[in-house]
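Heavy atoms only: backbone and side chains are in, while hydrogens, waters and symmetry mates are out. One-based numbering, in listed order, for ligands and for the atoms of each.
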Amino acid sequence: MKLHNPDRRDFIKKTGLGLAGMALGGPAVLIRSRPQRPNILFIMTDDHAAHAISAYGSRINRTPNIDRLAHDGMRFANCFCVNSICAPSRASMLTGLYSHAHGVIDNRTRLDSSKPMFPQLLRRAGYETALVGKWHLKTDPTGFDYWNVLPGQGMYYNPDFIEMGERKPYTGYATDVTTDIALDWLERRDRRRPFCLLLHHKAPHRNWMPGPKQLHLYRDRPIPEPPNLFDDYTGRGPAAHMTKMTIAEHMYPAYDLKLPLDPANEQDAQYWQRMFGRLNDQQRQQWEAAYRQENEQYLKHPPTGKERVRFFYQRYIKDYLRCVASVDENVGRVLDFLDEKELAENTLVVYSSDQGFFLGEHGWYDKRFMYEESLRVPLLMRWPGVIGAGAMEHSMVLNVDFAPTILEAAGARIPRSMHGRSFLAMLQGRRLQDWRTAMYYHYYEFPNEHGVRPHYGIRTERYKLIRFYGDIDAWELFDLEKDPQEMRSVHAHPDYAGIRDRLTAQLYAMQKTLGDRGE
Ligand code: SGN
Ligand code: CA
């Protein structure tokens with residue numbers, strides 16, 4: 001790395017950073033010798049899959065602002081969640097614990113606020129803390145000097161927020177409004193203390209309503225389809241066959257696909273009215289202008305068979321990516337703000353999502369499964385002077401590691417009870433000798449609207465073993481090197497008997513160590 005920027009050189013002198021890592025090869029890494037406590041800006045989105053970020057090699061969109069974090073910081077190629085659903089993931093990030101230990105095993109259970117959580121620990125250590133946007137943990141947020149959150153899942157248009165217990169309506173698009181509130185708090189914050197801001201977007205969660213500025217994006221541009229859009233689930237056990245999350249069969253025409261409303265479809269009408277009812281006249285006009293022509297075409301010549309699925313996929317993915325584009329634009333606003341206020345140098349910026357998402361792979365939307373698209377979460381971290389620009393990390397990190405890592409970066413104590421482990425050393429370009437080479441996963445919510453069976457499993461660098469339970473009892477084993485799309489379970493294959501037995505024993509051992517029940 002060339003230190004051609006005089007401001008940067010000054011900064012390094014000022015903060016007592018030593019130059020190290022030149023001998024490591026690859027991007028040079030600057031290691032702090034006397035760390036100054038960084039500000040923490042944790043941007044999180046809802047259901048943003050890594051494969052819809054260009055820094056992760058997306059085939060379907062560009063995210064130039066999110067990519068700035070990868071360009072100037074570190075991209076984690078193998079970051080996974082431990083239970084691919086919203087509330088449990090959020091609780092894991094806050095507490096550093098697996099679901100069974102923090103208690104939020106599904107979206108229905110409440111968070112036990114007495115568990116230590118990193119924002120509250122930072123606050124005790126002298127940070128000013130704030131939370132803006134999606135929360136979804138039912139109980140009021142604790143450990144924040146300021147909080148302003150969306151009730152439940154929140155609304156895309158003209159959303160209500162709950163500011164420190166008081167419900168207030170806002171005008172505008174959720175991603176813009178959430179960013180406005182966050183920037184406003186940054187302006188007003190106590191400058192004598194480092195800050196920790198959790199900026200948590202609703203987007204790009206279902207029902208994928210684009211903002212007014214993005215309504216025409218991708219208009220005449222078809223988005224490439226995943227190769228397994230027409231997966232018929234042969235080669236998998238019963239769980240994949242039993243889902244209710246296919247683009248072909250399980251989307252509401254109006255609510256999900258923005259097709260003209262059929263009042264006879266009462267459920268769809270009710271869902272859609274709840275969302276569309278929020279728009280003001282001007283927003284409605286913009287909205288209708290965006291979908292009108294294509295909808296008229298659709299009604300005149302409704303596609304059938306595979307063409308119908310293709311049309312639905314285009315509708316779904318374009319709206320999803322439009323929501324992502326607004327997130328990207330707003331990430332740019334926040335990064336520009338940090339630059340303008342000269343905060344960028346001493347702020348650790350984290351970008352992640354509560355889980356991954358299926359973007360048509362296996363014919364699906366939604367998440368929940370331990371399959372790759374849903375298990376993997378994006379993780380980008382920028383901390384100038386500590387993380388080398390353009391760095392990439394392949395070690396397996398988990399969302400339960402976020403809390404201990406952030407606490408260590410802030411020089412705060414990490415509670416021993418946390419399951420996760422700090423990977424701060426990786427940010428500094430150092431290897432952690434005894435880092436994990438396998439991870440444990442457990443998804444519990446059942447019954448659920450997408451018919452995904454509860455399951456637990458283990459993923460190593462090469463293999464994934466899953467056991468589905470509930471009203472079924474089925475195992476799957478994937479060789480991710482030979483079958484990265486997880487199309488063919490080799491659980492019963494004689495060549496894999498040894499691996500299967502070894503992984504089964506390892507899975508049960510991990511379950512025991514973590515203290516999780518089987519089913
Ligand atoms: C809602 C969605 C589901 C989604 C869950 C969980 N349905 O219930 O499709 O799986 O949230 O998402 S909707 O009809 O209300 O849009 S999570 O990210 O909050 O866990
Ligand atoms: Ca989510």
Side-chain angles (χ1 to χ4, degrees), residues 43-50 52 79-94 99 104-111 133-138 149-157 159 174-175 178 198 200-210 243-247 249-258 265-278 312 315-316 319-320 323-324 327 351-360 364-371 373-378 399 442-454:
I43 306 174
M44 191 164 75
T45 34
D46 197 354
D47 297 0
H48 190 186
C79 179
F80 303 118
C81 58
V82 299
N83 180 3
S84 182
I85 185 155
C86 191
S89 264
R90 284 161 202 270
S92 284
M93 286 185 206
L94 292 164
S99 319
V104 186
I105 59 164
D106 53 30
N107 274 349
R108 296 158 197 157
T109 35
R110 291 175 86 83
L111 175 67
K134 185 163 171 183
W135 170 244
H136 204 199
L137 286 168
K138 295 193 173 69
V149 298
L150 292 159
Q153 296 281 11
M155 292 284 170
Y156 272 115
Y157 276 81
T175 311
T178 306
L198 273 50
H200 290 184
H201 288 293
K202 170 196 171 58
H205 192 273
R206 191 180 179 192
N207 67 331
W208 319 292
M209 287 175 78
T243 67
K244 293 194 174 77
M245 51 195 257
T246 65
I247 293 170
E249 302 294 334
H250 305 109
M251 280 193 163
Y252 289 109
Y255 175 74
D256 288 317
L257 296 166
K258 329 300 184 315
N265 189 339
E266 279 176 33
Q267 184 72 277
D268 188 14
Q270 191 194 327
Y271 277 24
W272 178 234
Q273 288 305 353
R274 208 174 143 246
M275 300 296 157
F276 197 61
R278 308 284 307 186
F312 287 2
R315 263 292 158 98
Y316 156 54
D319 283 346
Y320 177 94
C323 293
V324 169
V327 167
Y351 185 90
S352 192
S353 172
D354 60 346
Q355 359 79 199
F357 214 67
F358 294 102
L359 304 178
W364 290 332
Y365 64 98
D366 215 64
K367 54 265 177 172
R368 298 163 193 266
F369 274 112
M370 196 191 170
Y371 299 141
E373 296 82 358
S374 150
L375 178 70
R376 186 183 308 279
V377 295
N399 58 358
H442 196 161
Y443 168 81
Y444 305 77
E445 189 173 292
F446 190 75
N448 60 74
E449 64 184 290
H450 296 294
V452 176
R453 268 50 192 179

For atom NZ of Lys244, decide whether the heavy atoms of other residues, nucleotides or ligands shown that lie under 6.0 angstrom number more than 12. no
Kindly assign one of parallel, tilted or perpendicular to the pair Phe358 and Phe369, based on the angle between their ring planes and the thresholds 30° and 60°.
perpendicular
Candidates Lys244, Arg206, Gln153; heavy atom nearest atom 11 (O) of ligand 1 found on Gln153
The closest protein heavy-atom partner of atom 6 (C) of ligand 1 is Asn107 ND2, 3.5 Å
Note: ligand 1 atoms sitting under 4.0 Å from heavy atoms of His136 are 19 (O)
Numbered in order shown, the ligand 1 atoms found under 4.0 Å of a heavy atom of Tyr271 are 14 (O)
The Ca ion (ligand 2) has as its nearest N, O or S atom from Asp354 the atom OD2
Counting from 1 in the order shown, the ligand 1 atoms closer than 4.0 Å to a non-hydrogen atom of Gln355 are 18 (O)
One finds that the ligand 1 atoms under 4.0 Å from a non-hydrogen atom of Asp46 are 18 (O)
Per side-chain hydrogen bond (donor to acceptor under 3.5 Å, both in side chains), Arg368 is matched among Gln355, Glu445, His450 by Glu445
Original post:
Parallel, tilted or perpendicular: which describes the rings of Tyr255 and Tyr252, with under 30° parallel and over 60° perpendicular?
Top reply: perpendicular
query = Tell me, do Met275 and Tyr157 make a side-chain contact under 4.5 Å, heavy atoms counted?
reply = no
Practice item. Count the heavy atoms belonging to other residues, nucleotides or ligands that lie under 6.0 Å from CD of Gln267, then report whether that count exceeds 12. Key: yes
Counting from 1 in the order shown, the ligand 1 atoms closer than 4.0 Å to a non-hydrogen atom of Tyr255 are 13 (S), 14 (O), 15 (O), 16 (O)
Item to complete: For Asp366 and ligand 1, answer yes if some heavy atom of the residue is under 4.0 Å from a ligand atom, otherwise no.
Response: yes
In Asp47, the N/O/S atom nearest the Ca ion (ligand 2) carries the name OD1
Lys367 near ligand 1 by a heavy-atom separation under 4.0 Å:
yes
Is it true that some N/O/S atom of Ser353, main chain or side chain, lies under 3.0 Å from the Ca ion (ligand 2)? no
Less than 3.5 Å between some nitrogen or oxygen of Cys86 and one of ligand 1, yes or no? yes
Under 4.0 Å between heavy atoms, the region of Asn207 that gets near ligand 1 turns out to be neither
So the angle subtended at the Ca ion (ligand 2) by Asp46 atom OD1 and Gln355 atom OE1, rounded to 10 degrees, is 160°
### Query
Taking atom CD of Glu249 as the centre, does the number of heavy atoms from other residues, nucleotides or ligands within less than 6.0 Å exceed 12?
no
Note: heavy atom closest to atom 5 (C) of ligand 1, options Arg368, Gln267, His450, belongs to Arg368
Tyr252 to ligand 1, any heavy atom closer than 4.0 Å: no
From the list Arg315, His250, Met251, side chain to side chain contact (heavy atoms under 4.5 Å, CB included) partner of Asp256 resolves to Met251
Looking only at heavy atoms of Lys134, does any of them come nearer than 4.0 Å to an atom of ligand 1? yes
With Lys134 as partner, the option from Thr45, Thr178, Asp46 fulfilling side-chain hydrogen bond (donor to acceptor under 3.5 Å, both in side chains) is Asp46
message: Less than 4.5 Å apart, side chain to side chain, heavy atoms only: is that true for Leu375 and Met370?
response: yes
_I'd like to know whether Tyr320 forms a ring pair (Phe, Tyr, Trp, His ring centres under 6.0 Å) with Tyr365, so could you lay out the CA-CA distance, the side-chain angles of the two residues, the decisive distance to 0.1 Å, and finally the verdict._
CA-CA 10 Å; Tyr320 177 94; Tyr365 64 98; over 10 Å; no
closest protein heavy atom to atom 8 (O) of ligand 1 is Glu449 OE2, 2.5 Å
| message | Check Arg206 with Asp47, please: is the shortest side-chain N to carboxylate O separation under 4.0 Å? | response | no
